[in-house]
Amino acid sequence: MTEQERNVMEENVRAVRSKIAYAAQQVGRAPEDITLVAATKMNDAERVRAALACGIDAAGENRVQELLEKYDAHAYDGKPLHFIGTLQTNKVKYLIGKVELIQSVSSVRLGQVIAKEAAKCGVRQDILLEVNIGGEESKSGLAPDEVDDAVRVLAAEPTVCVRGLMAIPPVADTKGKNIGYFRAMHQLFIDIAAKKYDNTDISVLSMGMSGDYEDAIACGATMVRVGSAIFGARHYM
């Protein structure tokens, strides 16, 4: 990685931070209440380390194998590591003890498998429930009307803690197109948090990516997952 590439990345992170701050302040929120997760998919360990050094709050990986390779290369040292991609039940065991937060728990069954593997390791795993807010057949996730039951069931598992919700709305071709989905997610988040289920800590609403994180923050996101706005075009490993 060249010095010029590092400088570009630093400038990208500054720009993202500035936009996060502006979006938050416009709706009376504190910028420091927004967690910036770098979506590090397809970026090698050196680039991940460089991004985290620029002041990113956490790294978010989409693929288990890629995460394991970069974990062994100490790419994430010193920062929290999240898993943000589609997760198969047979891959859960590789994440427990390595990731602080599994954001993409798309079903009760997956949550229960995470609880079982966490019990084997003697840990309590923080999770977010993924909501298919756009009702897209091509995407995994709970339907909005399934979320309450899912939280209630998983709250009974002592080795997981439901920390909140995550969503990936439909791809928007124009700015502002996903605001309706973001507002619906925020209302669902508020409704679930108000029920105060035991063994939960509903405080995280993860939504918004490079093309729409400012709108997501305006609608109540507490965490955004930003990739290309930090790293530029994907660097295939």
Side-chain angles (χ1 to χ4, degrees), residues 12-41 51 54-62 79-80 82-86 100-106 126-136 138-144 147 151 162-194 201-232 234:
N12 289 346
V13 172
R14 280 195 293 269
V16 170
R17 284 289 190 192
S18 177
K19 290 177 180 178
I20 286 174
Y22 183 77
Q25 290 163 354
Q26 288 296 105
V27 290
R29 301 179 65 197
E32 56 268 27
D33 291 340
I34 312 300
T35 300
L36 174 57
V37 178
T40 50
K41 173 183 174 183
C54 292
I56 302 298
D57 297 316
E61 281 293 353
N62 286 71
K79 293 289 184 177
H82 298 180
F83 189 78
I84 61 176
T86 301
E100 180 176 288
L101 181 65
I102 299 176
Q103 294 201 26
S104 47
V105 179
S106 57
D126 285 350
I127 63 173
L128 303 182
L129 297 183
E130 181 178 357
V131 183
N132 187 350
I133 193 63
E136 298 174 274
S138 61
K139 286 183 181 174
S140 58
L142 297 157
V147 173
V151 174
V162 181
R163 295 290 315 283
L165 307 178
M166 181 268 247
I168 306 172
V171 175
D173 53 8
T174 56
K175 188 172 178 58
K177 196 170 183 178
N178 277 336
I179 286 177
Y181 294 116
F182 290 145
R183 286 175 175 164
M185 277 299 303
H186 185 250
Q187 187 59 56
L188 180 60
F189 172 73
I190 294 297
D191 292 346
I192 294 297
D201 178 14
I202 309 297
S203 57
V204 178
L205 179 57
S206 176
M207 60 183 188
M209 298 187 289
S210 288
D212 55 17
Y213 64 89
E214 294 162 272
D215 288 336
I217 291 167
C219 294
T222 68
M223 181 178 289
V224 294
R225 310 177 305 274
V226 180
S228 59
I230 293 170
F231 296 102
R234 296 291 185 196

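These numbers come from the heavy atoms of this one structure, side chains and all, not from hydrogens, waters or symmetry mates.
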Short side-chain to backbone donor-acceptor contact, K139 and I133, under 3.5 Å: no
Could you state the interatomic distance from [atom1] ([X]) to [atom2] ([Y]), rounded to the nearest 0.5 Å?
X	Y	atom1	atom2	answer
I168	M209	CD1	CE	5.0 Å
L165	Q103	CG	CD	11.0 Å
D215	R183	CG	CZ	9.0 Å
I20	E214	CD1	CD	8.5 Å
E61	I84	CD	CD1	7.5 Å
L128	L101	CG	CG	4.0 Å

Please report the closest heavy-atom contact between [X] and [Y], naming both atoms and the distance.
X	Y	answer
S104	E130	CB-OE1, 3.5 Å
G134	Y181	CA-CE2, 3.7 Å
F83	N62	CZ-O, 3.2 Å
S203	F189	C-CZ, 3.7 Å
P169	E136	C-OE1, 4.0 Å
Y213	A15	OH-O, 4.5 Å

Give the intermediate values and the outcome of side chain to side chain contact (heavy atoms under 4.5 Å, CB included) for residues R225 and M166. CA-CA 10 Å; R225 310 177 305 274; M166 181 268 247; 3.5 Å; yes
With [X], which residues qualify under side chain to side chain contact (heavy atoms under 4.5 Å, CB included), at least two apart?
X	value
T86	S140
A38	T40, I56, I230, F231
A229	V16, S210, V226
N12	V8

Identify all side-chain donor-acceptor contacts of residues 23-36 below 3.5 Å with residues at least two apart in sequence or on another chain.
from: R29; atom 1: NH1; to: I217; atom 2: O; distance (Å): 2.8
from: R29; atom 1: NH1; to: A221; atom 2: O; distance (Å): 2.8
from: R29; atom 1: NH2; to: A221; atom 2: O; distance (Å): 2.9

Would you say S206 and H82 make side-chain contact, with heavy atoms under 4.5 Å? no
Salt bridge (charged side-chain N to carboxylate O under 4.0 Å, His left out) partners of residues 16-28, not counting sequence neighbours, each pair once: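 Sorted pair list: R17-D57.
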